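Below is one structure, written out as structure tokens; comments come after it.
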Amino acid sequence: MITRFAPSPTGHLHIGGARTALFNYLLARGLGGKFVLRVEDTDAQRSTEEYTKSILSAMEWLGLSWDGEPVFQTDRTGLHVEHAERLVAEGRAYWCRCTPEEIEESRKKAMAEGGKPRYDGRCRELGLGPSPGAVIRFKCPPGGQVRWRDLIKGPIVFEASELDDLVILRSDGLPTYNMAVVVDDITMGVTHVVRGDDHVNNTPRQILLYQALGAELPEFGHVPMILGSDKSRLSKRHGATSVMAYQEAGYLPQALVNYLARLGWSHGDQEIFSLEEMVGVFSLRHVGKAAAVFDPNKLDWLNAHYIKNTPPDELCSLLKPFLEKRGLPAPDGEKLLKIVLTLRERSKTLAEMAGKAEFYFGDLPKFDPKSAEQLLALLKTPEGADAPAKDAGGKAILEKWLGLLQELPRTREDFDQLLSGLAAELGVKAGVVAKPLRLALTGSTASPGLHEIMEILGPEVTLGRIRAAAETPEGYPQVRQPA
RNA sequence: GUCCCCAUCGUCUAGCCUGGUCCAGGACACCGGCCUUUCACGCCGGCAACACCGGUUCAAAUCCGGUUGGGGACGCCA
């Protein structure tokens, strides 16, 4: 068995492409076959080397290793031309000199007659030879049906009369898509052609070419499209569509692969799969026929799952580039590890984690606008007898903390004792005394546990931040612009 | 316009092939509760679907036909 992934380098690897690549990979690996990569770069206008590199690196990042060197379609032009000429020689194709105007006229006529726009084959029996501007067209059989049993969709039938004489060799001497694909799949020994749904309509033409070339047919499988939330084809306006964009947003490859696999494929009620695990249980039989809507929420859930389950030291190295992107200096290993430990249960992406880590850096934290307001409000609440029972006066609380924390508590238990002691002393709930401290330390009302935070910040920064908040010097707190 | 494909909770899906075990199961999201120094995690609970019509059958989410709806394709792009 040989499967293949055949992207054209006219853009970055997108979500849909990644999924068909994944399915091909799983199919081959599961059955001990080969998975090859073919770069379909026959469109000289739009193909670039940069995109080729980008696609290959995205494949590697996802862990979809292919067998052998990538094949470039433009390296095989000779082969394609040879086959096209052979078809002419055997009377199964012919040279056509029709002008664009003539073709257009033919299409319009077909449309007017209630059919689909098609070329009428007027050069078909003219026995023309090559000439500048001429193309080779395949002679489509006049009648009958083309049918195949699709690996995913089941039996599909096309009337041959629906097909017209497609161009197989362009006037610039390069093969067209259908020709190049068929010749390559034949000569590369591809046994299972698994590709996007949008190619179903190409398949009957390709089957005809296989037959004209006297080649054995491969199996075909067409995987359904991925749609955006409005059920139209997934595109940029739905958000990120390239694998690279997800990488940059801090998604883990395991999460993306897991998500893509489960989008359209299932294995009972199981949701979490490693790539290796999927290889063992994957089957086209359980790929659905219907298009699927891409759900960023579920991807986030999976990503959070994989973040939580990645060994912390590994997470540290994964996080570093994201910290750097924010201009945060990577702390030494021990400290970074502690930071990561406080954040990994709270982050859906590495980018989000880096954002949440921001308050660990610098002397004073930046506040989000709402938290800044809250701190100021707390500081204004009167202390003592005038204070509402639920609110013991922010300034007083912070000063108490300042006293209590001259020596940082060693353990979480020690801190808890300080906390509940202070709460009892002021006759308020623990949350009331924790809140000003949290605001002072992190610039936010939501954060990891206070004790672990202080341990990471160290005594100097901890006390400095509390003091700054209690005294609210001019211009404090400094408000952070929302990202 | 023509052809092809598809149709179970808001979303991803199990079940459909081999009708009864499905007044339809799981997951994400959402809502409620517990845990709790906040947020999150975790745990518990809830909401929520067989597109419609007809046929076959003792019995249909499951089989058949039609309708509607959605998607895709009709290039010297891939």
Side-chain angles (χ1 to χ4, degrees), chain A residues 6-10 40-43 45-47 73 96 98 100 103 107 110-119 133-137 150 152-154 156-159 161-164 166-178 180-181 196-204 222 224-225 227 229 231-233 259 262-272 285-286 288-302 304 308 342-348 356 415-416 419-420 423 429-435 437-439 442 444-451:
Chain A
S8 67
T10 55
E40 313 228 312
D41 54 352
T42 51
D43 183 346
Q45 310 299 320
R46 298 191 299 148
S47 300
Q73 208 157 43
C96 165
C98 285
I103 295 166
R107 289 201 177 113
M111 277 270 246
E113 285 164 2
K116 55 171 79 165
R118 59 207 302 275
Y119 171 66
V135 300
I136 294 180
R137 284 182 185 275
D150 196 271
I152 293 169
K153 300 197 176 267
I156 298 182
V157 185
F158 276 82
E159 295 297 326
S161 57
E162 284 296 323
L163 280 12
D164 66 352
L166 73 154
V167 173
I168 57 176
L169 195 73
R170 304 193 289 228
S171 57
D172 63 1
L174 290 176
T176 56
Y177 167 73
N178 282 301
V181 165
D197 219 343
D198 47 341
H199 287 291
V200 194
N201 298 278
N202 285 322
T203 304
H222 292 91
M225 311 255 78
L227 311 178
S229 50
K231 304 222 171 194
S232 72
R233 192 179 184 154
Y259 179 70
R262 267 304 272 103
L263 190 60
W265 169 79
S266 62
H267 182 65
D269 286 341
Q270 190 173 344
E271 296 287 350
I272 306 290
R285 264 187 66 87
H286 291 100
K289 298 179 185 187
V293 174
F294 186 85
D295 180 10
N297 272 327
K298 192 153 185 183
L299 207 212
D300 280 351
W301 173 72
L302 276 165
K308 279 178 276 188
T342 68
L343 261 23
R344 65 172 181 160
E345 305 253 289
R346 297 165 222 269
S347 309
K348 293 205 265 290
K356 284 188 192 299
F415 173 74
D416 284 350
L419 183 70
S420 48
K429 285 192 179 174
V432 176
V433 287
K435 190 173 180 181
L437 181 58
R438 167 164 286 109
L439 280 165
T442 69
S444 168
T445 52
S447 82
L450 290 168
H451 176 256

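We use all heavy atoms of the structure for the numbers below, so side chains are in, but hydrogens, waters and symmetry mates are not. Letters A, B, ... are given to chains in the order of the sequence lines, protein chains preceding strands, and every chain is numbered from 1. Everything quoted here is computed from the prediction, not taken from an experiment.
- The closest side-chain heavy-atom distance from A:Lys153 to A:Asp197 is below 4.5 Å.
- Between A:His286 and A:His267, the closest side-chain pair of non-hydrogen atoms is not below 4.5 Å.
- Nucleotide B:rC28 forms a pair with B:rG10, judged by Watson-Crick or G-U wobble geometry with both contacts under 3.5 Å.
- To the nearest whole angstrom, the two P atoms, one in B:rG65 and one in B:rC17, are 15 Å apart.
- Across all strands, A:Pro448 comes closer than 4.0 Å to base atoms (heavy-atom distances).
- Residue contacts shown for A:His451 are absent, as no nucleic acid heavy atom lies under 4.0 Å away.
- Checking A:Thr42, A:Leu169, A:Val167 one by one against A:Thr176, the side-chain contact (heavy atoms from CB on, under 4.5 Å) holds for a single residue, A:Val167.
- Heavy atoms of A:Asn178 sit nowhere under 4.0 angstrom from any nucleic acid atom.
- With rounding to the nearest 0.5 angstrom, the CG atom of A:Asn178 is 9.0 Å from the NE2 atom of A:His199.
- Closest-nucleotide positions on RNA chain B for A:Val293 and A:Asn297 were compared, and the one nearer the 5' end corresponds to A:Val293.
- When the P atom is compared between B:rG32 and B:rA73, the two are found 43 Å apart, to the nearest whole Å.
- Among the heavy atoms of the strands, none lies under 4.0 Å from A:Arg344.
- Across all strands shown, A:Val135 has heavy atoms under 4.0 Å from base atoms, whether or not it also approaches the sugar-phosphate.
- You'll find the side chain of A:Ile168 reaches within 4.5 Å of the side chain of A:Leu166, heavy atoms only.
- For the C1' atoms, the distance linking B:rU68 with B:rA29 amounts to 29 Å, nearest Å.
- Looking at the side chain of A:Arg262, the nearest of the listed nucleotides B:rC12, B:rC76, B:rU38 is B:rC12.
- A side-chain donor-acceptor contact under 3.5 Å links A:Arg262 to the backbone of A:Gln270.
- Neither OP1 nor OP2 of B:rC12 sits under 4.0 Å from any side-chain N or O of A:Lys298.
- Checking B:rC76, B:rC4, B:rA78 against every side-chain atom of A:Ile156, the shortest atom distance belongs to B:rC4.
- You'll find that the side chain of A:Tyr177 is closest to B:rA78, out of B:rC39, B:rC5, B:rA78.
- Within the nucleic acid shown, A:Thr445 comes within 4.0 Å of at least one base atom, counting heavy atoms only.
- Contacts of A:Leu419 with the nucleic acid, taken as non-hydrogen atoms under 4.0 Å apart, include base atoms.
- Taking only side-chain nitrogens and oxygens, A:Arg107 never comes nearer than 4.0 Å to OP1 or OP2 of B:rU2.
- Rounded to a whole angstrom, the distance from the P atom of B:rG25 to that of B:rA48 is 12 Å.
- Within the nucleic acid shown, A:Lys435 has no heavy atom closer than 4.0 Å to any nucleic acid atom.
- Evaluation of atom-type donor-acceptor distances gives a pair under 3.5 Å for the side chain of A:Arg346 against the base of B:rC39.
- A close approach under 4.0 Å does not occur between any side-chain nitrogen or oxygen of A:Ser47 and OP1 or OP2 of B:rA78.
- On the P atoms, B:rC58 is 23 Å away from B:rC22, given to the nearest whole Å.
- With salt bridges taken as basic N to acidic carboxylate O contacts below 4.0 Å, none links A:Asp164 and A:Lys116.
- With hydrogens and angles left out, the side chain of A:Asp197 and the base of B:rG72 share no donor-acceptor pair within 3.5 Å.
- With both ends at atom C1', the span from B:rC4 to B:rA27 equals 32 Å, rounded to whole Å.
- No contact: A:Val181 has no heavy atom under 4.0 Å from any strand.
- Of all nucleotides listed (B:rA7, B:rC41, B:rU37), B:rA7 comes nearest to the side chain of A:Ala290.
- Taking the side chain of A:Asn201 as heavy atoms from C-beta on, and the options B:rG72, B:rC5, B:rU37, the nearest nucleotide is B:rG72.
- With both pairing distances under 3.5 Å, B:rA78 is matched to nothing as a Watson-Crick or G-U wobble pair.
- At least one side-chain heavy atom of A:Phe294 sits less than 4.5 Å from a side-chain heavy atom of A:Tyr259.
- Applying the 4.0 Å criterion to OP1 and OP2 of B:rC4, one finds that A:Lys116 has every side-chain N and O outside that range.
- Residue A:Arg438 has no polar side-chain atom (N or O) positioned under 4.0 Å from OP1 or OP2 of B:rU36.
- The side chain of A:Thr42 has B:rA78 as its nearest neighbour among B:rU2, B:rA78, B:rC5.
- Remark: the separation of the P atoms in B:rG1 and B:rC47 is 44 Å, to the nearest Å.
- Contact annotation for A:Asp416: base contact, defined as any heavy-atom pair under 4.0 Å involving a base atom.
- Taking only side-chain atoms of A:Asp269, from C-beta outward, the nucleotide of B:rG25, B:rC12, B:rC41 with the closest atom is B:rG25.
- For B:rC43, the paired nucleotide is B:rG33, the pair qualifying as Watson-Crick or G-U wobble because both relevant distances are below 3.5 Å.
- For A:Trp301, counting side-chain heavy atoms from C-beta on, the closest listed nucleotide (B:rA27, B:rC77, B:rA73) is B:rA27.
- Taking the side chain as every heavy atom from C-beta outward, A:Tyr177 and A:Asp43 never approach each other to under 4.5 Å.
- Nearest nucleotide to the A:Phe415 side chain, out of B:rU2, B:rA73, B:rU37: B:rU37.
- Position along RNA chain B of the nearest nucleotide to A:Gly133 versus A:Gly449 favours A:Gly449 as the more 5'-ward residue.
- As judged by a 4.0 angstrom heavy-atom cut-off over every strand, A:Ser447 is placed among the base-contacting residues.
- The nucleotide B:rC17 finds no pairing partner, because no Watson-Crick or G-U wobble arrangement with both distances shorter than 3.5 Å includes it.
- For B:rA73, the paired nucleotide is B:rU2, the pair qualifying as Watson-Crick or G-U wobble because both relevant distances are below 3.5 Å.
- Across all strands shown, B:rU56 forms no Watson-Crick or G-U wobble pair with both distances under 3.5 Å.
- Look at the P atom in both B:rU37 and B:rC28: the space between them is 27 Å, to the nearest Å.
- Here the nucleotide nearest the side chain of A:Arg285, chosen from B:rA78, B:rC17, B:rA7, is B:rC17.
- Between A:Lys231 and the phosphate of B:rU11, there is a side-chain N or O to OP1/OP2 separation shorter than 4.0 Å.
- A:Glu271 contributes a side-chain N or O that forms a donor-acceptor pair with the base of B:rG26 under 3.5 Å.
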